[in-house]
Amino acid sequence: MNNYLSNISSLSDLKALNDQELHQLTDEIRSFLIENISKTGGHLASNLGIVEMTLALHSVFDSPKDRMIWDVGHQSYVHKILTGRKHLFHTLRKYKGLSGFPKRSESEHDIIDTGHSSTSISAGYGMARARDLKGEDYSVISIIGDGALTGGMAFEALNHAGHSNTNFIVVLNDNEMSISQNVGGLSSYLNRLRTDPAYFKMKGDVENILTKIPAIGKAVFKTAEKAKDSIKYFLVPGILFEELGFTYLGPVDGHNIKELKLVFKRAKNIKGPVLIHVLTKKGKGYTFAEKNPDKFHGVSPFDIHTGNTISAESSRPSYSSVFGKTLVQLAAKDSQLVAITAAMPSGTGLNEFAAKYPSRFFDVGIAEQHAVTFAAGMALNGMKPFFPVYSTFLQRAYDQIVHDVCLQNLPVVFCIDRSGLVGNDGETHHGVFDISFLAHIPNITLMAPKDGREFEEMLSFAASHNGPIAIRYPRGESDDFSEVSTNYSIDQMKAEVLMQGKDLCIIAIGNMVRTAFEAAHKLQSKGISCKVINARMIKPLDEDTLLQECMGMDHIITIEDHVTTGGFGSLVLDLFNRKQSLQGKKIKSIGFPETFIEHGDVEELMAQYGLNVEGLTGSIRELLDK
């Protein structure tokens, strides 16, 4: 049997294959994906489901001349394999290796850097309009999933693009619906009728003839149009897209290459915006992924034969699970407490809450802006909304946080999961900007726990706090300082001195408290005495404790898993400046530089930027030497 995948070095090799050969290639690609992702981790189920569709797209269109824009980008692995990056796939999501998302610096076939959802239609339509203005000729295709289509930005773009005559193709990858033969057969017939050039010519001829009838011609044509529309409402699926101005094709079997190629070819010849509705099965070809597509959406390295994740056993729960467990306990005491998620119930630890309190659980889809203002509305009517959300996705709702929550001082709790580095997903997913875009907003309280127990206390505090509050916490297992921490109460919003010292003071927040603590112990053996403060509060700072504990200290270091520009360190520096307490002091802020941090293992990246124990001890010695 031929091994077609090994012989594909360019898209021209792909275009030389017939449909039967392409069908064999789908099996080879799925095996290749499973084999590689089982070692590197990554987005598996979505890519297994889009194999035939990607092959058909690249068979019909000519990338990179024709622009393919992959929404979110976690379904672009097959595209990467076909466009010259197959040999790099063993480096997927590794430091200095292949990105798990489209990346322009990687390939001319990646049209836009992406990693957040619902942006492809806006970007694609913008490219199509620019193409027309420049008098160029090529196709623009935006590929978006049914989940991403729940984002408000996608609807805004559909509304804008639909009311134009711009040639533009949107491919909707729908992996939630099953394929109905009856609907599919009728749709296939209607598509052939409606996309056949003879149909459009006949429609134009009829319009010309009717409108030329003296006096009554235009009225007759309008009546005919109404009759046509009334039939279309009953017969044509996708009427929503038709009303938005798109020619709707589908639904199409997303695993039938011949049918897909036929529809894509027809779409190229239709004038104006087109939406092609493709039905696919998430996880297709790998039983474990088909049965548990959510589990295999983004997966760590796993055993191919069992589907079980290969990871070290952890003795401590993750911060996400601590959040979920604590919120259930708080909800049992307070009937006004509600939970909101933007399509991330599992990732943010809300599964147990959703099962136990279904009427108080709200999944709004991939719509962070709506989620925040929805929470504001609930708070205005007496509820206590908790909104767990990844740091990188909360960025999308900045205006709503300012205008709808903080301006009105509403008791909405933002639980900022995945703050700091998330590792292999890279630039689009690291949560290193949330302090900068939250701390300057009036009325908001911002804090970060050093361990799981402190996180529980902060959540309890938030449940009774009468105003906006945000708690930032990292991905992964929670820490445990119970052996050295003497006071977990945060009712007074006070910082905590974890270790006494006289040569230097380290003020740390959240995930970096452990690093500061271990660095201080290491330096102690070298004769350097460090005081370690767990700040807890980012805003408002516990000014009294910080000023008092740093009195007489000539050297102060702040450390955070966040960019230093506008971060925690700048807030501490501002405090000492305002209180005129800088004289004779050297203050150094340690965090990430003002840059977009690449993908890679968290440990590698922390070492690269000097935020591990070795990096911190080096910075302290350098400061003391000066």
Side-chain angles (χ1 to χ4, degrees), residues 4-5 8-15 17 22 25-37 40 42-93 97-117 119-121 123-124 127 138-145 148 169-173 175 254-255 257 260-261 264 267 276 278 280 282-285 297-298 425-426 428 599:
Y4 294 105
L5 183 57
I8 292 179
S9 57
S10 67
L11 290 174
S12 59
D13 297 326
L14 175 71
K15 293 178 185 295
L17 301 181
L22 287 173
L25 179 59
T26 63
D27 294 333
E28 295 177 24
I29 290 175
R30 286 192 169 95
S31 296
F32 181 85
L33 286 170
I34 295 166
E35 178 69 27
N36 280 274
I37 297 174
T40 64
H43 293 96
L44 180 61
S46 53
N47 285 288
L48 291 175
I50 205 169
V51 176
E52 288 88 353
M53 192 169 88
T54 308
L55 290 174
L57 282 166
H58 277 298
S59 295
V60 172
F61 297 98
D62 296 314
S63 178
K65 179 186 176 183
D66 292 327
R67 312 291 177 87
M68 295 184 194
I69 301 155
W70 302 85
D71 204 283
V72 185
H74 60 234
Q75 78 280 39
S76 64
Y77 290 6
V78 184
H79 163 78
K80 286 178 179 261
I81 292 169
L82 298 174
T83 52
R85 286 166 278 180
K86 178 181 58 180
H87 67 290
L88 294 172
F89 229 73
H90 66 284
T91 70
L92 182 71
R93 304 170 77 244
L98 202 64
S99 171
F101 297 95
K103 202 171 183 66
R104 290 184 299 159
S105 60
E106 265 186 22
S107 171
E108 62 179 348
H109 297 279
D110 289 2
I111 305 304
I112 183 173
D113 291 2
T114 187
H116 290 184
S117 80
T119 64
S120 63
I121 303 175
M127 289 181 188
Y138 54 82
S139 296
V140 179
I141 310 101
S142 292
I143 303 104
I144 186 169
I169 298 171
V170 175
V171 178
L172 170 58
N173 174 32
N175 52 37
H255 303 296
I257 292 177
L260 286 166
K261 287 169 67 177
F264 291 153
I276 305 169
V278 181
T280 61
K282 201 170 184 179
K284 184 174 175 61
H297 171 72
D425 283 335
T428 57
H599 61 276

Supply the atom-to-atom distance Ile50 CD1 to Gln75 CD, rounded to the nearest 0.5 angstrom. 5.0 Å
Indicate yes or no: at least one non-hydrogen side-chain atom of Leu11 is less than 4.5 angstrom from one of Leu82. yes
Less than 4.5 Å apart, any side-chain heavy atom of Leu33 and any of Ile81? yes
Point-to-point distance, once rounded to the nearest 0.5 Å, from OH of Tyr138 to CE of Met127: 8.0 Å
4.5 Å side-chain heavy-atom contact, Phe101 and His43: yes
Ignoring hydrogens, what is the shortest heavy-atom contact between Ala267 and Ile276? Give both atom names and the distance. CB-CD1, 3.6 Å
Does any part of the side chain of Trp70, heavy atoms only, come nearer than 4.5 Å to the side chain of Thr114, both counted from C-beta? no
Hey, what's the ring geometry for Phe61 with Phe264, parallel, tilted or perpendicular (30° and 60° as the breaks)? tilted
Note, Lys80 side chain near Ser107 side chain (heavy atom, < 4.5 Å): no
If I take atom OG from residue Ser63 and atom CG from residue Leu57, how far apart are they, to the nearest 0.5 angstrom? 10.0 Å
Go through the steps for Leu48 and Ile34 under the test side chain to side chain contact (heavy atoms under 4.5 Å, CB included), then give the verdict. CA-CA 8 Å; Leu48 291 175; Ile34 295 166; 4.1 Å; yes
Under the side chain to side chain contact (heavy atoms under 4.5 Å, CB included) test, residues paired with Thr26 that sit two or more places apart: His23, Arg30, Val51, Glu52, Leu55, Ile257
Among Asp110, Asn47, Thr54, which residue meets the side chain to side chain donor-acceptor pair (under 3.5 Å) test with His79? Asp110
Side chain to side chain contact (heavy atoms under 4.5 Å, CB included) between Asp425 and His599, worked out: CA-CA 6 Å; Asp425 283 335; His599 61 276; over 6 Å; no
Worked verdict on Ile37 versus Tyr77 for side chain to side chain contact (heavy atoms under 4.5 Å, CB included): CA-CA 10 Å; Ile37 297 174; Tyr77 290 6; 3.6 Å; yes
Positive for side chain to side chain donor-acceptor pair (under 3.5 Å) with Asp71, one of Ser120, Ser142, Ser76, Ser117: Ser120
Are the side chain of Glu28 and the backbone of Tyr4 linked by a donor-acceptor contact shorter than 3.5 Å? yes
Which value, rounded to the nearest 0.5 Å, describes the distance between Ser139 atom OG and Ile169 atom CD1? 5.0 Å
Can you find a heavy atom in the side chain of Ile112 that is under 4.5 Å from one in the side chain of Thr119? no
So, for Leu260 and Gly254, which heavy atoms are closest and what is the spacing to 0.1 Å? CD1-O, 3.5 Å
Quick check: do Lys86 and Phe32 have side-chain heavy atoms less than 4.5 Å from each other? yes
Find the distance between CG (Leu22) and NZ (Lys261) and round it off to the nearest 0.5 Å. 5.5 Å
Quick one: does Leu88's side chain get under 4.5 Å of Glu106's, heavy atoms only? no
Side chain to side chain contact (heavy atoms under 4.5 Å, CB included) between Thr40 and Leu98: does it pass, once the steps are laid out? CA-CA 11 Å; Thr40 64; Leu98 202 64; over 6 Å; no
Reported NE2-to-OG1 distance for the pair His74 and Thr428, which is rounded to 0.5 angstrom: 11.5 Å
